[in-house]
Amino acid sequence: MTVQTLKIKRPDDWHLHLRDGEMLEAVLPETTRHFARAIIMPNLVPPVVTNEEAKAYRERIMQAVPSGDNFEPLMTLYLTEDTDPDDLEQAFKSGTVHAAKLYPAGATTNSENGVRNFENIMPVLERMAEIGMTLCVHGEVTDPAIDIFDREKVFIEAVLDPLRQRLPQLRVTMEHITTSDAVDYVTGSTGPLGASITTHHLMINRNAILVGGIKPHYYCLPVAKREEHRLALVKSATSKDERFFLGTDSAPHLDKAKIDVCGCAGIFTSTNTMACLAQVFDDENALDRLEAFSSLNGPKHYQLDANEEMITLVKRDIPTVFPASITTPDGPVTVFDPMTPLYWDVES
Ligand code: NCD
Ligand code: ZN
C-alpha cells in the first residue's frame, strides 16, 4: 500500500560510467529509466581523449538509448599530458563536451593514461579557466607512501588548493567526495567550486567492505571511509548548500572481475539509486531537499537549466524488491545492496 508520494523534477547523474559495447547496452536502460542527463566518464580502454572520440562515443550511447526514453549524454574528455587545448576548446564550444576529467595516473580504474606531472597540463587548465569549462577532478594522490584512507585529504591540501589558488577562475567539480575534509573544503571556499556525492557513500562506511569477510561489491575508489565521514556527507547532501549534488559514480564491472584476487573498484548503483536516495533523505527528515540534491544543484553548477519533466517517488509499507544483478552477455553485474530495506521506488 502506498503511504506517501513525492514529486520532483527529473534527476540527472553528474558522474556516470557507461562503458561501451554490450556492457553499455546492458547498463544504459538502468540510467535512462529515471535520469534525463548524465555526465559520462571517459575512462574507456583506450580513453576518450579527443573531440572526435567524444562525438563517436556519444553516437554509440545514443544508439543504445531504449526507444521511448529521452536521454542526453553530457560528454567529457579524459585529460592527458598531451591534450591539445585547441581541440578541447572546440569540443566544449561545439556543445558535445561539457567538462574534462582529471585522473591522477594510477588513482583508479583505467587511469593509467592520466596525469603524472600536473605542470604539464597547466596550458590546458588555463584555457579551461578562460572559456569557462569545468574540470572534474578525481581527488586522490597516488603516492604509495600515503595511506589509501588519507589520499583525498592529502590531494586537497597538496594539489587541489594550490591549483585553485593559481587559477581561481577555473570551474572545478570535486568528484565523489568521501570525507569531512572535502566537505569542509567546499563549505570554506569561495569561487566556482562544487562537489558530487555518490549514492553509496551516503549509505555505507568502510565496515561494509571489511567486517564479516571481505566484500568486493562494496569496494570502490575513493574507498568508503569511517562513519563520521559518511555522516558529514549526509549532512551536506541534505543541507541547503547548493554546491553539493548527485553524481552516482555507478561503475559496472562483471562479477567475475569484482570477485577476484585483484578485484576491480566500482559499485553499480544506477538501478536503485533514486530509491536509495529517497530512503536516506526520508531517514533524515529531509525529503524536501531531495529535489535540490538530485535535480537542481547539478544543473546550476554546470550552468544548465533544470529538467522540466517531473518524476513521482512512492513510499510503500513493504520494501521494494530490486534485482540482485543485471545480465550482460558476459555475465552478471551485481546491483548495490544498501543492506537496509528501501521503502521507496520511482513510479513507472
Ligand atoms: C570507477 C570505474 O570503475 O571506472 N571506479 C570506482 O571505483 N569509482 C572509476 C572511478 O570513478 O574512480
Ligand atoms: Zn567514477
Side-chain angles (χ1 to χ4, degrees), residues 12-21 23-24 26-28 30-31 35 38-49 57 61 73-79 98-115 134-142 148-149 151-152 155 173-179 182 194-204 206 208-209 214-225 233 245-260 262-270 273 298 326 328 330 333-336:
D12 304 303
D13 185 347
W14 301 95
H15 181 130
L16 177 66
H17 298 271
L18 288 176
R19 317 301 189 201
D20 215 339
M23 182 66 101
L24 165 65
V27 299
L28 185 57
E30 303 301 299
T31 285
F35 293 88
I39 285 268
I40 309 300
M41 286 297 120
N43 63 333
L44 303 182
V45 186
V48 180
V49 171
Y57 184 30
I61 295 169
L74 309 172
M75 308 310 291
T76 60
L77 293 185
Y78 183 118
L79 285 187
H98 289 256
K101 175 74 190 243
L102 171 60
Y103 289 104
T108 187
T109 309
N110 303 336
S111 64
E112 299 74 21
N113 297 295
V115 177
T134 302
L135 178 73
C136 294
V137 180
H138 183 109
E140 288 190 289
V141 290
T142 55
I148 192 160
F149 292 101
R151 289 182 174 192
E152 182 170 287
F155 183 89
T173 308
M174 292 171 71
E175 303 243 83
H176 43 50
I177 59 167
T178 58
T179 57
S196 65
I197 304 178
T198 76
T199 309
H200 49 281
H201 287 117
L202 292 172
M203 300 194 86
I204 61 163
R206 62 194 196 173
I209 314 164
I214 189 153
K215 313 267 175 57
H217 291 304
Y218 294 106
Y219 174 61
C220 68
L221 287 168
V223 70
K225 309 294 191 299
L233 298 175
F245 50 85
L246 173 64
T248 66
D249 194 16
S250 183
H253 291 278
L254 294 172
D255 280 1
K256 59 189 174 203
K258 292 285 299 170
I259 307 165
D260 199 349
C262 184
C264 293
I267 299 179
F268 179 67
T269 57
S270 294
T273 274
I326 63 156
T328 84
D330 291 322
V333 172
T334 291
V335 173
F336 174 60

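Numbers here are sequence positions counted from 1. Remember, it's 1-based here, ligands and their atoms both numbered in the order they're listed.
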>> If we only consider heavy atoms of His253, is any one of them less than 4.0 Å away from an atom in ligand 1?
In response: yes
> Quick one: does Glu30's side chain get under 4.5 Å of Ile326's, heavy atoms only?
Replying inline: yes
> What do the steps show when you test His176 against His15 for ring pair (Phe, Tyr, Trp, His ring centres under 6.0 Å), and what is the final call?
Replying inline: CA-CA 8 Å; His176 43 50; His15 181 130; 4.9 Å; yes
>> Within the structure provided, determine whether Phe149 and Lys225 are in side-chain contact (heavy-atom separation under 4.5 Å).
In response: yes
> Is His15 close enough to the Zn ion (ligand 2) to have an N, O or S atom under 2.8 Å?
Replying inline: yes
> Is there a heavy atom of His15 sitting under 4.0 angstrom from any atom of ligand 1?
Replying inline: yes
> Are any of the side-chain heavy atoms of Ile39 and Leu16 separated by less than 4.5 Å?
Replying inline: no
>> Only heavy atoms of Gly266, strictly under 4.0 Å: list the atoms of ligand 1 that pass.
In response: 5 (N), 6 (C), 7 (O)
> Considering only heavy atoms of Cys220, which atoms of ligand 1 have at least one such atom less than 4.0 Å away?
Replying inline: 7 (O)
>> My understanding is that we take every heavy atom of each candidate and find the minimum distance to atom 6 (C) of ligand 1. Doing that for Leu221, Val223, Thr198, which one comes out nearest?
In response: Leu221
> Does Val48 reach the side chain of Thr76, with side-chain heavy atoms less than 4.5 Å apart?
Replying inline: no
> Short list, please: which atoms of ligand 1 are under 4.0 Å from a heavy atom of His138?
Replying inline: 12 (O)
>> Heavy atoms only: which of Thr108, Asn43, Asp249 lies closest to atom 4 (O) of ligand 1?
In response: Asn43
> Are a donor atom and an acceptor atom from the side chains of Thr199 and Thr273 found within less than 3.5 Å of each other?
Replying inline: yes
>> Nearest 10°: the angle subtended at the Zn ion (ligand 2) by His17 NE2 and Asp249 OD1?
In response: 90°
> Side-chain donor-acceptor pair under 3.5 Å between Thr31 and Ser270, yes or no?
Replying inline: yes
> Does CD1 belonging to Ile148 count more than 12 external heavy atoms closer than 6.0 Å?
Replying inline: yes
> Should His200 be listed as contacting ligand 1, given a heavy-atom distance under 4.0 Å as the test?
Replying inline: no
> Does any N/O atom on Ala265 come nearer than 3.5 Å to any N/O atom on ligand 1?
Replying inline: yes
>> Could you measure the distance from the OH atom of Tyr57 to the CZ atom of Arg19? Nearest 0.5 Å is fine.
In response: 8.0 Å
>> Geometry only, no angles: is Arg19 polar-contacting ligand 1 at N/O separations under 3.5 Å?
In response: yes
>> Can you check which of His17, Lys258, Lys101, Glu175 brings a heavy atom nearest to atom 11 (O) of ligand 1?
In response: His17
